[in-house]
S.K.: 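Could you have a look at this structure, given as structure tokens, before my questions?
For this chain, numbers begin at 1 and follow the sequence in order. All values below were derived from every heavy atom in this structure, side-chain atoms included, with hydrogens, water molecules and symmetry-related copies excluded.
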Amino acid sequence: KANAETIAKHGQRADGIVRGMLQHARGGKGLPEPVDFNALVDEHVTLAYHGKRAHAPGLSVQVERDFAPDAGEVVVVPQDVGRVLINLVNNAIDAVQARADAEGAGFAPTVRVRTVRTAAGVEARVEDNGGGIPAEALARIFEPFFTTKPPGAGTGLGLSISHDIIAQGHGGALRVESALGKGATFIVSLPRTVPAEKKPAARRKKAAKGD
């Protein structure tokens, strides 16, 4: 029975990996467009939270929002950046819930999502007060198939794909700050435009003419 349960867990993880790879292969078809950054972040934080509550009705996590009033617009592929934000918020909720389960009623699980305007563009910061990430895992956190979750609970593709979407697809950066026992902060940095190869053909044509 124990062997069968282990096989099932690893089978579910393999299934998740394949699905994640297929989703990644199908991605990238959207076109960049100017969007209100705060509205984009707020929408996908809400989607992530209610998605988690649908699977765990008893979920008790405080999600705080702190949006910069001057964040303004950013040119992105909204559905791709939305996927990244949902993944980061889901991971943060998992982290604080795991700590809450371990520490009991005295702990207040909290996820805080902030937006910040920078000289180059904007940032979205997803902060949690979970258990943090061990130093040895930080160096590998964006590697494909690497996961800190229990067997069967993660594919190790979410952060890898998120990193590719932000860094390769949008010319931005995805980084993490964490210490064991002190929570984690994932930071999405985006320029106000996307790389030229990601812009619509019509826009590239105009640029070539000097319009």
S.K.: Grouping I, L, V, M, F, W and Y whenever their side-chain heavy atoms are under 4.5 Å apart, do V63 and L40 come out in a common cluster?
M.R.: yes
S.K.: For R99, give me all partners under salt bridge (charged side-chain N to carboxylate O under 4.0 Å, His left out), at least two apart in sequence or on another chain.
M.R.: E103
S.K.: Rounded to the nearest 0.5 Å, what separates atom CG in L174 from atom CD1 in I161?
M.R.: 12.5 Å
S.K.: Consider only side-chain heavy atoms of I, L, V, M, F, W and Y, link residues closer than 4.5 Å, and tell whether V116 and F37 are in one cluster.
M.R.: no
S.K.: Which pair of heavy atoms, one from I166 and one from S189, lies closest together, and at what distance?
M.R.: CG2-O, 3.8 Å
S.K.: Is there a continuous path of hydrophobic side-chain contacts, each under 4.5 Å between heavy atoms, that joins I187 to V41?
M.R.: no
S.K.: Return the CZ to CG distance between R140 and L159, rounded to the nearest 0.5 Å.
M.R.: 13.0 Å
S.K.: Please identify each residue that fulfils side chain to side chain contact (heavy atoms under 4.5 Å, CB included) with N3, with sequence neighbours left out.
M.R.: none
S.K.: Who are the side chain to side chain donor-acceptor pair (under 3.5 Å) partners of D70, not counting sequence neighbours?
M.R.: none
S.K.: How about P32 and V76: do any of their side-chain heavy atoms sit closer than 4.5 Å?
M.R.: no
S.K.: How long is the gap from CG on D164 to CG on D80, to the nearest 0.5 Å?
M.R.: 11.0 Å
S.K.: Sequence neighbours left out, what passes side chain to side chain contact (heavy atoms under 4.5 Å, CB included) with Q62? Give chain and number order.
M.R.: E64, T110
S.K.: What is the ring orientation for F142 with F186, classed by angle as parallel under 30°, tilted 30 to 60°, or perpendicular over 60°?
M.R.: perpendicular
S.K.: Which residues pass the side chain to side chain contact (heavy atoms under 4.5 Å, CB included) test with P109, not counting sequence neighbours?
M.R.: V61, V96, A100, F107
S.K.: Does any non-hydrogen side-chain atom of K52 lie less than 4.5 Å from one of N90?
M.R.: yes
S.K.: Working to the nearest 0.5 Å, report the span between CD of Q97 and CG of D128.
M.R.: 12.0 Å
S.K.: List the residues meeting salt bridge (charged side-chain N to carboxylate O under 4.0 Å, His left out) with E43, not counting sequence neighbours, and say none if there are none.
M.R.: none
S.K.: Which atoms form the tightest heavy-atom contact between P34 and E73, and what is the distance?
M.R.: CB-OE1, 3.7 Å
S.K.: Mind listing the closest non-hydrogen atom pair of G132 and L180 along with its distance?
M.R.: O-CD1, 4.1 Å
S.K.: Pick one: which of V113, V126, V45, V111 meets side-chain contact (heavy atoms from CB on, under 4.5 Å) with L88?
M.R.: V126
S.K.: Taking the side chain as everything from C-beta on, heavy atoms only, tell me whether R112 gets closer than 4.5 Å to D66.
M.R.: yes
S.K.: Test your reading of the model: is there a side-chain donor-acceptor pair from H170 to the backbone of P191, 3.5 Å cut-off?
M.R.: no
S.K.: Applying salt bridge (charged side-chain N to carboxylate O under 4.0 Å, His left out), can you list everything that pairs with D42, at least two apart in sequence or on another chain?
M.R.: R65
S.K.: Would you mind reporting whether P78 and E33 have side-chain heavy atoms less than 4.5 Å apart?
M.R.: yes
S.K.: Would you please name every residue forming a side chain to side chain donor-acceptor pair (under 3.5 Å) with N38, sequence neighbours left out?
M.R.: T115
S.K.: Find the distance between CD (E127) and OG (S178) and round it off to the nearest 0.5 Å.
M.R.: 11.5 Å
S.K.: Which pairs pass salt bridge (charged side-chain N to carboxylate O under 4.0 Å, His left out) with one or both residues in residues 166-180, sequence neighbours excluded?
M.R.: E123-R175, R125-E177
S.K.: What residues, two or more places apart in sequence or in another chain, satisfy side chain to side chain donor-acceptor pair (under 3.5 Å) together with D36?
M.R.: none
S.K.: Which residues end up grouped with I86 if you chain together Ile, Leu, Val, Met, Phe, Trp and Tyr wherever their side-chain heavy atoms are less than 4.5 Å apart?
M.R.: L47
S.K.: Please examine the side chains of V176 and L138, heavy atoms only from C-beta on, and report whether any two atoms are closer than 4.5 Å.
M.R.: yes
S.K.: Between V81 and V77, is any pair of side-chain heavy atoms under 4.5 Å apart?
M.R.: no
S.K.: So, do V89 and N87 sit near enough that their side-chain heavy atoms are less than 4.5 Å apart?
M.R.: no
